[in-house]
Amino acid sequence: MKSISPSWDPYLAEELTLPYMQQLADFLATEPLTCPPASMRFEAFQQTPFDQVKVVILGQDPYHGPGQAHGLSFSVPPGIKVPPSLRNIYRELHDDLGIKPADHGDLTSWAKQGVLLLNTTLTVAAGKAASHQKRGWEPFTDQVIRTLNHNREHLVFMLWGSASQAKGKDIDPSRHLILDAPHPSPLSAYRGFFGCHHFSKANHWLQAHDMEPIHWQLPDIAPAHFQQTLHFS
């Protein structure tokens with residue numbers, strides 16, 4: 001495995017050399033169509049340096065459709081249609097903080113503010129959901145969570161869905177804020193994701209611990225011919 005990023009290397013570089021990660025690298029070398037591209041597998045770590053993490057939003061697998069995955073959980077590049085789960089995230093943002101839905105699905109501006117957009121599994125075969133589960137990513141992302149838990153203070157962990165919530169065992173609730181909710185997918189969002197108010201709760205926590213809140217409003221960056229109008233009913 002290649003270096004993850006300079007800021008994370010002191011904490012995770014050794015992990016990348018362990019046998020299970022070497023086995024994962026060998027497996028990925030046999031997978032010709034993997035999402036996201038190899039150059040973006042660790043994009044979340046590149047965009048959010050270790051010492052700048054304030055919030056962790058933990059998803060499950062990357063998107064597996066053409067052009068969707070770019071290494072940030074729930075995010076898609078400009079020009080790609082906003083996926084249903086992200087539409088539901090925008091709906092909750094609107095209901096929670098009155099934030100208008102963005103005209104695109106690129107969450108990079110959150111990442112640059114300290115929101116680590118992490119999936120429990122960092123790759124997937126194109127067109128095959130959950131196809132890279134139990135290949136080695138889960139122990140690695142467990143270690144990411146443990147590292148943040150032990151080496152940082154007063155973080156916010158948003159754990160959406162059962163796969164993400166299983167990571168909660170490695171988080172000390174006396175040091176960090178843990179926010180659980182069902183996954184925002186259309187199949188489960190109505191079971192408690194809507195109305196969870198995680199975004200306002202996160203900002204209240206950050207401000208209470210003398211940190212800048214996250215500016216959740218995304219910039220309008222998509223070209224006009226890709227813009228979408230999202231309506232909530």
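Positions are given from 1 along the sequence.
The hydrophobic cluster containing L187 does not contain L86, counting ILVMFWY residues as joined when their side-chain heavy atoms lie under 4.5 angstrom apart, directly or transitively. By the rule that hydrophobic residues join a cluster once side-chain heavy atoms approach within less than 4.5 Å of another member, F27 and M21 end up as members of one cluster. Under the 4.5 Å side-chain heavy-atom criterion for Ile, Leu, Val, Met, Phe, Trp and Tyr, V124 and L72 are members of distinct hydrophobic clusters.
Using cut-offs of 30° and 60° for the angle between ring planes, the F199 and W110 rings count as tilted. Below 30°, between 30° and 60°, or above 60°: for H209 and W205 the angle between ring planes is between 30° and 60°, a tilted geometry. Note on ring orientation: taking the six-membered ring where Trp is involved, the planes of H183 and F74 are tilted (angle from 30° to 60°).
Atom CD of E212 is surrounded by 12 or fewer heavy atoms from other residues, nucleotides or ligands within 6.0 Å. Within a 6.0 Å sphere centred on CD of Q207, other residues, nucleotides and ligands contribute more than 12 heavy atoms. Other residues, nucleotides and ligands place more than 12 heavy atoms under 6.0 Å from the NZ atom of K169.
When all heavy atoms of T141 and T120 are compared, the closest pair comes out as OG1-O, 2.9 Å. The two residues I214 and K54 come nearest to each other via the heavy atoms CD1-CE, 3.8 Å. Residues P78 and D106 share a closest heavy-atom pair of CD-OD2, 3.4 Å. The shortest heavy-atom contact between H64 and A129 is CE1-CB, 3.6 Å. Counting all heavy atoms, side chain and backbone alike, Q68 lies closest to G65 at OE1-N, 2.8 Å. Nearest approach of A181 to G192, heavy atoms of both residues: CB-O, 4.4 Å.
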Chi angles and distances behind the side chain to side chain contact (heavy atoms under 4.5 Å, CB included) call for L118, F45: CA-CA 9 Å; L118 183 69; F45 304 95; 3.7 Å; yes
T34 vs R41, side chain to side chain contact (heavy atoms under 4.5 Å, CB included): CA-CA, chis, key distance, verdict: CA-CA 10 Å; T34 299; R41 286 174 189 163; 4.3 Å; yes
Worked check of side chain to side chain contact (heavy atoms under 4.5 Å, CB included) between F157 and K167: CA-CA 10 Å; F157 291 87; K167 304 284 190 184; over 6 Å; no
Audit row: I99, L93, side chain to side chain contact (heavy atoms under 4.5 Å, CB included) steps and yes/no: CA-CA 6 Å; I99 289 174; L93 266 172; 4.0 Å; yes
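Between the CG atom of L206 and the NZ atom of K201 there is a distance of 14.5 Å, given to the nearest 0.5 Å.
Judged by distance alone, the side chains of T121 and N119 never bring a donor and an acceptor atom under 3.5 Å apart.
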